[in-house]
S.K.: 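One structure coming up, written as structure tokens, with questions to follow.
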Amino acid sequence: MSIYDTLNKEQREAVFHTDGPVLILAGAGSGKTRVLTHRIAYLIEKCQINPWNIMAITFTNKAAGEMRERVDDLVGYGSESIWVATFHSTCVRILRRYADRIGFDNNFTIYDTDDQKTIMKEICKKLQIDTKMLKERTILGAVSSAKDELISPVEYDLNSIGDFTKLKISKAYMEYQSVLRKNNAMDFDDLIVKTIELFKNCPDVLKQYQEKFQYIMVDEYQDTNTAQFELIRLLAGGYRNLCVVGDDDQSIYKFRGANIRNILDFEKVYDDAFIVKLEQNYRSTSNVLEAANSVIRNNIGRKEKALWTDKEGGSSLHFRQFDYAYEEAEYIAFDVAKKKRELICDYKDCAVLFRTNAQARILEEQFVKAGIPYDVVGGVNFYSRKEIKDLLAYLKTIDNGKDDVAVKRIINVPKRGIGATTIVRVQEYADSRNISFYDALKEADQIMTIGKSASKLKPFVDMIQIFRSKLEFYGLKELIKDIIDTTGYVAQLEADNDEEAKARIENIDELISKIVSYEEEHEEATLSEFLEEVALVADIDGISKDNNKVLLMTLHSSKGLEFPHVYLAGMEDGIFPSYMTITSDDPAEVEEERRLAYVGITRAKEDLTLSCAKQRMIRGETQYNPVSRFVREIPGELLDNRLPVSKKREFEEYEEASYERAAFKQKPYAGVSRVNREQKPSGAFYSRISQSSQAEAVTSEGNPYQSIVKPKAVVTKPTTNASVKPFIAKQDQLSNIAGISKGAPSVSGTLSYGEGDRVKHIKFGEGTVKAIVEEPRDYQITVEFDDYGTKKMLAAFAKLQKIE
DNA sequence: CGTACTAGTCTTTTT
DNA sequence: GACTAGTACG
């Protein structure tokens, strides 16, 4: 009995076909990690390939660690010499050795999003770019996309001719790259781009890595971008033993430059590619799988696949709709507690997935309330907290004096009486001499323009110099403690003595212990390496399986994971799919959301609950959203509750619950008197909704997916009319929801069109305005559409555009 | 130079 | 709603 006997036929083919280009199309849950690990084992064990000649690229460090572990379990030796890493850490490792060949120091700094923004802000000032018209964010986005596509500043410039905005971006891009170079820094995208540059400029270096990586495997191939593909193509150029694994249906990072063509056109680039499809799903029950299939089927641009399973049936999928978002969260917490209580599963078997990070908060509140242990993946990254960034900036300054961003961040933290003016003067001096900011500081007494402030700069420079020289003798742990003591950073926080300061001190302690454990794991731990590891951690990397906690995370973070019990929260059109993609005129955007839905559904092994709320607070505004189209795409017979949930029955379950909710019991649901009371809409408001829902019923069949942002003014004026029970009784059919959830219109000042004007509607196309009737808060517009006939609609919903 | 308040922005997703 | 950048004032 060999370890390969447990594989199915296709999996074995994928494992045994070791030479030449291979494309493995691996559906969700089809055992692709198993294939990859067995393939590595096979290479080492049966083909006598040295572990150090094998490379595996994964999407996250966590995946890399797990892969190494599993290979270790299979082979028992050598796994530590396999190169298993993400694209980014692969590139950093290469660049740390050879960056000097392309004009950087080998101890270059890696800039995160914050650093990028800081730099871009300065550039905009310098180039006199009006950031009201063209935001730093937008420029950085454009720059990043250009890098993903391997478009250099010069090429970008050539492509910008005649386009005013693009020309500005081009100038900024050019300047941005030169600042980065000057600061001896690279951003995330540069790590890939510069490695390619290195390979193209130094064939000897490329040759060396081509020799090393005789067998290359790439996981999550559908999410690679053009630059990453080029990198792989170069590396595999010697032996051509390139095996990529992916699933076009799970491509969810287009916004980050992922090029789906990489997987769809693999056979064109490598015409001798061996292709194998893994279609048997080992993860989920057939109900879950059928739901996933029926959703993804609605996408047009995909390779046809038929995932199947022999796990017949399983429990049906659950669907629940609630009036308020907090009720939804409360239900999920309650349901998890119930499952735990009834020994159906443990906390760690459950995960709650949602579209946006912001949705985590309301869930957290209810989990705390219910006393359920949970972890939130992502959100505010540990390393992007102020206090952590400050201390890291000290480390960066000590490590790389050319990193102006880091130096400027800490030059006056804690306060040393060094102000903005002084910093500007020093920068001017540095610019005139063409030296770094830090080097300019060293010559403070030469800078005539700063006068007395020079005396404040000297102690700072001395302090940094002393740290540097001490680093020869002590380790990173001593260094960080020395920094904290010398600067009095923690001492000042202690003086503040409030909750926030306490939390910050805790974070700093956490940082210290991270440094300590880093030093324990790495014998020759260097500052540069530590900073690099810190720069490249993903949110998901920190999650440990050993904790018995419910995991809360975005759908994106959930990729590659699986859980027996999965909750998909916020299944509303406008949330998921997001408002942005619904209103976009590119249908491919909704397709990407649908793939995300597919990823979410296929995370579930046994049990899947989909939920949504009719009313939800988003960025301080109350939204009314219809049930997600993705829920509607699931055949009704798979769901246990196709109808909106009966409030009464739900409530009885609450009553039975063993944990106390005394306050709640006294006022069951009437008036929704707990959380959000101040946001509770008035009775008048609700009758208004019903009204509009009836008015909308005429038009809703063509356009049921519209999410509406309701004007604040209406919501924030609560009346104490607690007896109003919002339209629950009316909601006996899912199809009604779309109409009802239209909500109230926003108060539009004036209309940009009048009777007789030609207008355009996002869904119905062009038409002529026939009538405009004024309503209390809006206008009812009658439009005769060229292709859809006459429709009545409210101006605030219809978003009609006048055609000139 | 440092602080406190205000106004504006944001978020869809992240290595 | 939360955070941040910008401004006015001490």
S.K.: Check whether NZ of the Lys or CZ of the Arg A:Lys514 lies under 6.0 Å from the centre of the six-membered ring of A:Phe382 and within 45 degrees of that ring's axis.
M.R.: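 Yes, cation above the ring, under 6.0 Å and within 45°.
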S.K.: Have a look at A:Phe576 and say if it touches a base, only the backbone sugar-phosphate, or nothing, with a 4.0 Å heavy-atom cut-off.
M.R.: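 If one applies the 4.0 Å heavy-atom cut-off, A:Phe576 turns out to touch nothing in the nucleic acid.
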S.K.: I'd like to check, for A:Phe255, whether its ring lies over the base of B:dT14 with centroids under 5.5 Å apart and a plane angle smaller than 30°.
M.R.: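 No; by the centre-distance and plane-angle rule, A:Phe255 does not count as stacking on B:dT14.
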S.K.: Any salt bridge linking A:Arg629 with A:Asp573? Criterion: basic side-chain nitrogen under 4.0 Å from a carboxylate oxygen.
M.R.: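 Answer for the salt bridge query: yes.
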S.K.: Do the side chain of A:Ser558 and the main chain of A:Leu555 share a donor and acceptor less than 3.5 angstrom apart?
M.R.: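 It does hold such a pair.
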S.K.: Specify the residues of residues 132-141 of chain A, ordered by number, for which at least one heavy atom lies under 4.0 angstrom from an atom of DNA chain B.
M.R.: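 Within residues 132-141 of chain A, the residues near DNA chain B are A:Lys135, A:Arg137.
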S.K.: Once you apply a heavy-atom cut-off of 4.0 Å, does A:Ser89 come out as touching a base, just sugar-phosphate, or nothing?
M.R.: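 Nothing, no nucleic acid heavy atom in range.
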S.K.: Could you state the NZ-P distance from A:Lys117 to C:dA5, rounded to the nearest angstrom?
M.R.: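 My rounded result for the distance is 6 Å.
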S.K.: So which nucleotide from C:dG6, B:dT14, B:dT15 ends up closest to the side chain of A:Thr86?
M.R.: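 For the A:Thr86 side chain, the nearest candidate turns out to be B:dT15.
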S.K.: Would you indicate what A:Thr422 reaches in the nucleic acid, counting non-hydrogen atoms under 4.0 angstrom: base, sugar-phosphate, or nothing?
M.R.: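 The answer is sugar-phosphate, as A:Thr422 gets under 4.0 Å only of primed atoms, P, OP1 or OP2.
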S.K.: Mind calculating the distance between CD (A:Gln228) and P (B:dT14) to the nearest angstrom?
M.R.: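 Rounded to the whole Å, the gap is 16 Å.
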S.K.: Salt bridge check, A:Asp190 against A:Lys147: does any charged N sit closer than 4.0 Å to a carboxylate O?
M.R.: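 A:Asp190 and A:Lys147: salt-bridged.
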S.K.: Over how many whole Å does the gap from A:Asn61 atom CG to B:dT14 atom P extend?
M.R.: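 The answer, rounded to whole Å, is 16 Å.
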S.K.: Assign A:Glu593 to base, sugar-phosphate, or nothing according to its heavy-atom contacts below 4.0 angstrom with the strands shown.
M.R.: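 It contacts base atoms.
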S.K.: Are any side-chain N or O atoms of A:Asn625 and backbone N or O atoms of A:Gly574, one a donor and one an acceptor, separated by less than 3.5 Å?
M.R.: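 Not confirmed, A:Asn625 side chain does not pair with A:Gly574 backbone.
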S.K.: Please determine whether a side-chain nitrogen of the Lys or Arg among A:Arg361 and A:Glu364 lies less than 4.0 Å from a carboxylate oxygen of the Asp or Glu.
M.R.: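 A:Glu364 and A:Arg361: not salt-bridged.
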S.K.: Just to be sure I understand the rule, does A:Asp189 reach a base, reach only the sugar-phosphate, or reach nothing, if contact means heavy atoms closer than 4.0 Å?
M.R.: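 Contact class for A:Asp189: none.
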S.K.: Which residues pass the salt bridge (charged side-chain N to carboxylate O under 4.0 Å, His left out) test with A:Glu593, not counting sequence neighbours?
M.R.: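 Here the qualifying residues are A:Arg355.
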S.K.: Assign A:Thr113 to base, sugar-phosphate, or nothing according to its heavy-atom contacts below 4.0 angstrom with the strands shown.
M.R.: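 A:Thr113: no heavy atom of the nucleic acid under 4.0 Å.
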S.K.: Using a cut-off of 4.0 Å on non-hydrogen atoms, how would the nucleic acid contact of A:Lys456 be classed: base, sugar-phosphate, or nothing?
M.R.: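 Result for A:Lys456 = nothing.
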S.K.: Quick one: A:Arg619 CZ to C:dA2 P, roughly how many Å, whole number?
M.R.: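 Spelled out: CZ on A:Arg619 to P on C:dA2 is 14 Å.
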